[in-house]
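First up is the structure itself, then whatever we jot down about it.
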Amino acid sequence: MTSKKWFLPAVLAAILVLPVACYTVLYLLAPGYAGHFDVVESNWGVTLPWDAGWQEVYGNNQRGGFHGDGLSYYVYTCEDGGAMDGLFDWQTTKTPHANCEAWLDELGVPADVRPPYTECSLKRMTQPGGDEILFWWHSVAKTLYIAESYQ
């Protein structure tokens, strides 16, 4: 009878601990962009094509505080940009968005990782409360620039 006393607690511990441990290991082994892509999907409902072969070129996240307010900016390149071309109804523009350069200045983003606006297409999304995200897509260079502001 004493040999069975440890069995039930061990099974329950395995059921509770094993999934958390597996998820943690998978999260830590995932590419760097995976975490940010999850944030974009949960906050903006945008599912970026995971299978495009993404590589993070630059990341600057200064979203602090309890609610995650602040700015972030990321630059990614990919191997296959075909899915990005059809992801949004992209707008063409020759100038930066009114807030974009101010955000990048505040973040201290170097000039060599800022979007070449005249060569990119833009998708802007906003939410009540003033949150805003800008996607700049350079289809020739297969480069995605994401600037976010959370109020």
Side-chain angles (χ1 to χ4, degrees), residues 12-151:
L12 289 175
I15 289 171
L16 296 173
V17 172
L18 192 59
V20 172
C22 290
Y23 179 77
T24 301
V25 168
L26 290 174
Y27 181 79
L28 293 174
L29 294 176
Y33 64 82
H36 183 236
F37 282 17
D38 285 341
V39 170
V40 169
E41 185 170 354
S42 65
N43 289 348
W44 299 97
V46 174
T47 304
L48 297 167
W50 286 83
D51 57 350
W54 294 102
Q55 181 98 15
E56 183 177 314
V57 174
Y58 180 85
N60 188 337
N61 185 353
Q62 294 185 6
R63 292 178 48 208
F66 180 73
H67 297 287
D69 298 347
L71 302 171
S72 68
Y73 178 70
Y74 291 89
V75 180
Y76 303 98
T77 59
C78 67
E79 295 171 10
D80 179 13
M84 285 301 297
D85 292 331
L87 184 64
F88 297 121
D89 182 19
W90 296 100
Q91 301 171 352
T92 56
T93 180
K94 299 296 180 196
T95 60
H97 181 268
N99 294 330
C100 189
E101 282 297 304
W103 296 346
L104 300 183
D105 288 344
E106 187 174 332
L107 288 169
V109 175
D112 64 329
V113 290
R114 293 184 183 213
Y117 302 106
T118 59
E119 302 169 20
C120 292
S121 300
L122 168 68
K123 175 61 178 178
R124 176 181 177 255
M125 299 173 78
T126 60
Q127 293 178 344
D131 295 347
E132 187 172 1
I133 189 168
L134 302 169
F135 297 94
W136 296 92
W137 172 238
H138 190 301
S139 61
V140 175
K142 299 177 189 169
T143 305
L144 178 64
Y145 306 83
I146 303 174
E148 299 169 90
S149 173
Y150 292 93
Q151 305 296 316

Measure across Met84 and Pro49 and return the closest heavy-atom pair with its distance rounded to 0.1 Å. SD-CD, 3.6 Å

Pair Thr47-Glu41, side-chain donor/acceptor within less than 3.5 Å: yes

Parallel, tilted or perpendicular, as decided by the 30° and 60° cut-offs, for the rings of Trp44 and Tyr150: tilted

Measure the NZ-CD1 distance between Lys123 and Ile133 for me, rounded to the nearest 0.5 Å. 11.0 Å

Looking at side-chain heavy atoms only, is the closest gap between Glu101 and Tyr117 below 4.5 Å? yes

Please lay out, stage by stage, how Leu48 and Val46 fare under the test side chain to side chain contact (heavy atoms under 4.5 Å, CB included). CA-CA 6 Å; Leu48 297 167; Val46 174; 4.1 Å; yes

I'd like to check Thr143 versus Val57 (side-chain heavy atoms, cut-off strictly below 4.5 Å). Are they in contact? no

Partners meeting ring pair (Phe, Tyr, Trp, His ring centres under 6.0 Å) with Phe135 (sequence neighbours left out): Phe88

Taking the side chain as every heavy atom from C-beta outward, state whether Leu134 and Leu122 have any pair of such atoms under 4.5 Å apart. yes

Can you tell which of Gln55, His36, Lys142 makes a side chain to side chain donor-acceptor pair (under 3.5 Å) with Tyr76? His36

Can a donor-acceptor pair be found, under 3.5 Å and without considering hydrogens, that links the side chain of Asn60 to the backbone of Ser72? no

With heavy-atom distances below 4.5 Å as the criterion, would you say the side chains of Pro116 and His138 are in contact? yes

Interatomic distance, Thr77 atom OG1 to Leu144 atom CG [nearest 0.5 angstrom]: 10.0 Å

Going through the distances and angles, do Trp103 and Gln62 end up as a side chain to side chain contact (heavy atoms under 4.5 Å, CB included)? CA-CA 11 Å; Trp103 296 346; Gln62 294 185 6; over 6 Å; no

Taking only residues two or more places apart in sequence, or in another chain, which ones meet Glu106 in a side-chain hydrogen bond (donor to acceptor under 3.5 Å, both in side chains)? none

Check for a donor-acceptor pair, side chain of Trp90 on one end and backbone N or O of Cys120 on the other, with a separation under 3.5 Å. no

Counting only heavy atoms not in Asp89, do more than 12 sit closer than 6.0 Å to its CG atom? no

Tyr145 and Tyr73 aromatic ring geometry - parallel, tilted or perpendicular at 30°/60° bounds: parallel

So, taking the atom named SG in Cys100 and the one named CZ in Arg124, what distance separates them when rounded to the nearest 0.5 Å? 11.5 Å

How long is the straight-line distance from OH of Tyr74 back to CH2 of Trp54, given to the nearest 0.5 Å? 15.0 Å

Just verifying a value: how many Å separate Leu107 CG and Asn61 CG, rounded to the nearest 0.5 Å? 9.0 Å

Point-to-point distance, once rounded to the nearest 0.5 Å, from CZ of Arg114 to CG of Leu104: 5.0 Å

Beyond-backbone contact of Trp136 with His97, side-chain heavy atoms, under 4.5 angstrom: yes

4.5 Å side-chain heavy-atom contact, Val109 and Tyr58: yes

